[in-house]
Amino acid sequence: MVTSALPYANGPIHIGHLVEYIQTDIWVRFQKLRGNRCVYICADDTHGTAIMIRAGREGRSEVELIAQMSESHQADFAGFGIDFDHYGSTHCDENRQLCGEFWQAMRDQGLIVQRDVAQLYDPESNTFLADRFVRGTCPNCGAHNQPGDNCGPCGATYSPTDLIDPKSTLSGATPIVREAPHLFVQLEKLHGFLADWIDQSGALQSETANYLKGHFLAKELRDWDISRPAPYFGFEIPDAPGHFWYVWFDAPIGYIASTAQWCQAHGERLEDWWKSDQTEIHHFIGKDITYFHTLFWPGMLHAAGYQLPTKVHIHGFLNVGGEKMSKSTGTLVAAETYLRHADPSYLRYFYASKLGARVEDLDLGPEEFVDKINSDLVGKVVNLASRVGKFASRTGLAATYPEDGGLFAAAAAAGEEIAEAYEACEFARAMRRIMELADAANPFVERARPWDLNKDPDKLDELRDVCTVATNLFRQLAIYLAPVLPKLAEQCGQWLGDPIVRWDQSQTPLLGTAVQPFQRMMDRIPIEALHKMIEDSRNDDDTPTTDPAAQWNDSDQPLQAEPLAPEITIDEFAKVDLRIARIIEAEQVPEANKLLRLTLSLGGTERRQVFAGIKAAYTPEQLVGRLVVMVANLAPRKMRFGLSEGMVTAAGPGGAEVFLLGVDEGGLPGQRVH
RNA sequence: GGCGGAGUAGCUCAGUCGGUUAGAGCACCGGCUUCAUAAGCCGGGUGUCACCGGUUCAAGUCCGGUCUCCGCUACCA
């Protein structure tokens, strides 16, 4: 039983998602090629506030929205050769029923408690507001238009009910605080079980087990808020009318529900797949949803008497060109956009060549991508077939395997090692070994010189022998690569009239058979294709840029990261007393990670001590003597290292990217900024 | 600050149990070749194995420490 995480029905599939689905699909295809019984299950994750809001905004029902989204997801996956045994939806009767079963089990074991929760409620939309649907003024620093859970500028975390002047992003209305009963899972009651499972089962990569032990298991596990009051798009809780299961409760159960549908269609028993110790259960997920799958989910399975995962395979995120993907730079490439510009096999191979079994982010560099495809796949693998293709079609394959200097035997012997790498999800290692075999195969053709043999009619047998060797070496590669490149395996099978269906076909040469006319199997990719893809992707979502004098090409990213605050009056601005100040002392605060201690002079004897979070951006030496702009009438604040009596103005996202505001020539300490 | 990962050729990375002169692919240079998709073959490496110290007959590898980068996490005006 193998699953990938259920994609949320709120947006299209992009190349970041595809890391996981390609990784899983390769592993599943490998298992099947090895003759293992293996079922690959997935589904759309369809519930929650976001879906409800979006459907409302688009003026259609949730059911319509998720149906359309499911169709588009499945088309994207099909385009990349992701071969699910079944693709379902969390919004189905099977799931509702299974959720009820899990719920009852958890009730029976006394894991559920009820408590009132004060939450912001939008009286206009008649909706409780999730954190991200509220914006307001940060209670800590006063920054405007901040989201409901944390403040961008100061990083403070708080509850949305703490926000000053909160506004609903749905209606713009001022939310009211409303108490509503919520149901909680007392996860702490499963603490011992989870600790044992994480420690003993071997289901988790060591770094993940370590992370959980350090961050969650070290203290008491908090109750998990598992219900949402109406209105909510999801399943109503049978014994708590007006309350719905939180989407993260029914989503993983969707794995089982989707399996149930598959069972029904194929005459299988669900128990054999989810309640049998004869069946391995493998989840492939991204690191962002680690704790749902390593704490809540095992707890739920345990409570309901289902089999626990054999392995939770966790992968990292995709970067593009060394940076996080982003819409504005066009690196967040939609699956559909990719397919307009490049062959899906390329991405499958590229990811395979980068993926290991650890939780590590991977990087897609356009140059590296093009190099790998053109050198490895086209130059080495496919070209091997291509260079004898024409001759082989004429001669066919010899009846007995000719002398090849041990090449075929060596490649056959490498099969187990390659298989082990696949099995362990060390795809990069597998690809490396396969390319070594391809490297060894090409010199054979060179030395045998089939093009010379071809000119001499008397040497037809010799030519056939050479073709037999080269063709079989290619076929071995195609078999080893079949999990990654199913299309190539298919092409190879058609060419030689012998479909690739089993791994151990790599151990025996194909002999005494005719060969179909050779057709090219794969094209080189020009780097421009990737540039166009990114260009195209940038245009995909954004309106065309109407740039009259955009000669500086400034990104809109900073503004998006921190949208404009609400309008204020001149009087409100006047309350802020900004002054020019001179930094007369600057020193490190050894215990602080980000802070420098500054002494500012406002001229004369007026001094202020300020702690500024600019340590990563400036050294004390760079600062002494500089004029800066400070907030001079800010209430003093006691910090761990002393009293901070003001604030130095600076811009930038933070860390080393902090830029102090300067003062042009002539400004004097103590002068007010108007 | 805590936890985890990484640092080896211009780039991407192998390097097993400590054991010969530290490797591969790509890129680059020279030659050969013309079957093949301007593909292929042969040859070409002067690397501070991040740094310092230790153990050892022997350290890229083991131990201790330091630095840098990445991820998560905390603190942070």
Side-chain angles (χ1 to χ4, degrees), chain A residues 138 140-143 151 153-157 205-216 218 287-288 290-291 316-317 319 322 324 350 353-354 356 358-363 365 367-380 382-392 428-429 431-433 435-436 438-439 441-455 463 466-467 470 518-525 589-596 598 610-616 630-631 634-637 639-641 644-650 654-655 658:
Chain A
C138 171
N140 186 24
C141 73
C151 172
C154 81
T157 55
Q205 291 125 303
S206 59
E207 62 267 41
T208 303
N210 218 309
Y211 159 76
L212 294 170
K213 283 182 209 163
H215 285 99
F216 296 98
K287 65 182 183 182
D288 52 329
T290 295
Y291 72 90
F317 293 153
N319 293 323
K324 272 187 187 161
F350 184 79
S353 78
K354 301 288 272 186
R358 311 228 65 102
V359 187
E360 273 168 3
D361 291 352
L362 54 148
D363 187 53
E367 290 79 13
E368 192 190 351
F369 182 93
V370 168
D371 277 356
K372 272 214 153 81
I373 301 311
N374 291 346
S375 301
D376 292 358
L377 288 189
V378 181
K380 285 176 191 170
V382 174
N383 192 234
L384 183 63
S386 184
R387 50 194 318 203
V388 296
K390 214 175 3 178
F391 307 138
R429 188 195 301 161
M431 295 307 106
R432 211 162 42 237
R433 287 294 287 124
M435 287 311 137
E436 283 171 21
D439 277 332
N442 271 303
F444 170 83
V445 178
E446 194 74 17
R447 282 194 287 272
R449 304 181 66 82
W451 52 93
D452 286 344
L453 300 173
N454 183 48
K455 288 171 190 154
L463 178 62
V466 171
C467 290
F518 182 78
Q519 291 175 343
R520 76 199 268 125
M521 297 176 173
M522 212 177 268
D523 293 299
R524 299 172 71 80
I525 179 169
V589 183
E591 317 90 88
N593 204 16
K594 297 185 178 175
L595 298 180
L596 291 180
L598 307 179
V610 170
F611 288 91
I614 57 174
K615 179 175 182 169
M630 77 170 296
V631 184
L634 190 64
R637 184 177 183 84
M639 300 181 59
R640 201 172 120 208
F641 316 108
S644 190
E645 307 164 297
M647 179 166 146
V648 171
T649 57
V658 170

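Note on naming: letters A, B, ... go to the chains in the order of the sequence lines (proteins, then strands), and numbering restarts at 1 for each one. Quick note: numbers below take in every heavy atom, side chains included, and nothing from hydrogens, waters or symmetry partners.
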Worked check of side-chain contact (heavy atoms from CB on, under 4.5 Å) between A:Val648 and A:Ile614: CA-CA 10 Å; A:Val648 171; A:Ile614 57 174; 5.8 Å; no
Interatomic distance at P, B:rC13 relative to B:rG18, whole Å: 26 Å
Phosphate OP1/OP2 of B:rG4 contacted by A:Arg358 side-chain N/O (<4.0 Å): no
A:Asn374 vs A:Ile525, side-chain contact (heavy atoms from CB on, under 4.5 Å): CA-CA, chis, key distance, verdict: CA-CA 7 Å; A:Asn374 291 346; A:Ile525 179 169; 3.6 Å; yes
Sugar-phosphate only, base, or nothing, as touched by A:Arg520 at under 4.0 Å among non-hydrogen atoms: base
A:Lys372 side chain near B:rC26 phosphate (N/O to OP1/OP2, under 4.0 Å): no
Salt bridge (charged side-chain N to carboxylate O under 4.0 Å, His left out) involving A:Glu360 - partner list, sequence neighbours excluded: none
Touch class at under 4.0 angstrom, heavy-atom based, for A:Val359 against every strand present: nothing
Residue closer to the 5' end of RNA chain B, A:Pro450 versus A:His215 (nearest nucleotide): A:Pro450
Sugar-phosphate only, base, or nothing, as touched by A:Arg429 at under 4.0 Å among non-hydrogen atoms: nothing
Span that lies between the P atom of B:rG5 and that of B:rC11, in whole angstrom: 25 Å
Sugar-phosphate only, base, or nothing, as touched by A:Met435 at under 4.0 Å among non-hydrogen atoms: nothing
Sugar-phosphate only, base, or nothing, as touched by A:Val388 at under 4.0 Å among non-hydrogen atoms: nothing
Side-chain donor-acceptor contact under 3.5 Å, A:Arg358 with A:Ser206: yes
Geometric class of the A:Phe369/A:Phe350 ring pair [parallel <30°, tilted 30-60°, perpendicular >60°]: tilted
P gap between B:rG43 and B:rA38, integer Å: 25 Å
Touch class at under 4.0 angstrom, heavy-atom based, for A:Phe317 against every strand present: nothing
Quick test: give all pairs of protein nitrogen or oxygen and nucleotides 40-43 of chain B nitrogen or oxygen below 3.5 Å, distance rounded to 0.1 Å.
{"unit_1": "B:rG40", "atom_1": "O2'", "unit_2": "A:Arg387", "atom_2": "NH1", "d": "2.8"}
{"unit_1": "B:rG40", "atom_1": "O2'", "unit_2": "A:Arg387", "atom_2": "NH2", "d": "3.2"}
{"unit_1": "B:rG40", "atom_1": "O2'", "unit_2": "A:Glu446", "atom_2": "OE1", "d": "2.6"}
{"unit_1": "B:rG40", "atom_1": "N2", "unit_2": "A:Glu446", "atom_2": "OE2", "d": "3.1"}
{"unit_1": "B:rG40", "atom_1": "N3", "unit_2": "A:Glu446", "atom_2": "OE2", "d": "3.4"}
{"unit_1": "B:rC41", "atom_1": "O4'", "unit_2": "A:Glu446", "atom_2": "OE1", "d": "3.4"}

Integer angstrom distance from the P of B:rA24 to that of B:rC42: 12 Å
Upstream residue (5' side of RNA chain B) when A:Val445 and A:Lys324 are each assigned their closest nucleotide: A:Val445
Among B:rC76, B:rC35, B:rA14, the nucleotide that comes nearest once only the side chain of A:Leu595 is considered: B:rC76
Nucleotide nearest A:Asn210 when distance is taken to its side chain, options B:rU33, B:rC3, B:rG2: B:rC3
Stepwise side-chain contact (heavy atoms from CB on, under 4.5 Å) test for A:Lys615 and A:Leu596: CA-CA 6 Å; A:Lys615 179 175 182 169; A:Leu596 291 180; 4.1 Å; yes
Sugar-phosphate only, base, or nothing, as touched by A:Lys354 at under 4.0 Å among non-hydrogen atoms: sugar-phosphate
Among B:rC13, B:rU12, B:rC72, the one nearest A:Arg432 by side-chain distance: B:rC13
Whole angstrom value for the distance that separates C1' of B:rG25 from CD of A:Glu436: 9 Å
Sugar-phosphate, base or nothing in reach of A:Met431, heavy atoms under 4.0 Å: nothing
Per-nucleotide pairing state of RNA chain B [Watson-Crick or G-U, under 3.5 Å; [ ] pseudoknot-crossing; | other strand]: (((((((..((((.....[...)))).(((((.......))))).....(((((..]....))))))))))))....
Spacing between A:Glu360 atom CD and B:rG5 atom P, to the nearest angstrom: 10 Å
Electrostatic pair A:Glu368:A:Lys372 at N-O distance under 4.0 angstrom: yes
Separation between the C1' atoms of B:rG45 and B:rU21, rounded to whole Å: 13 Å
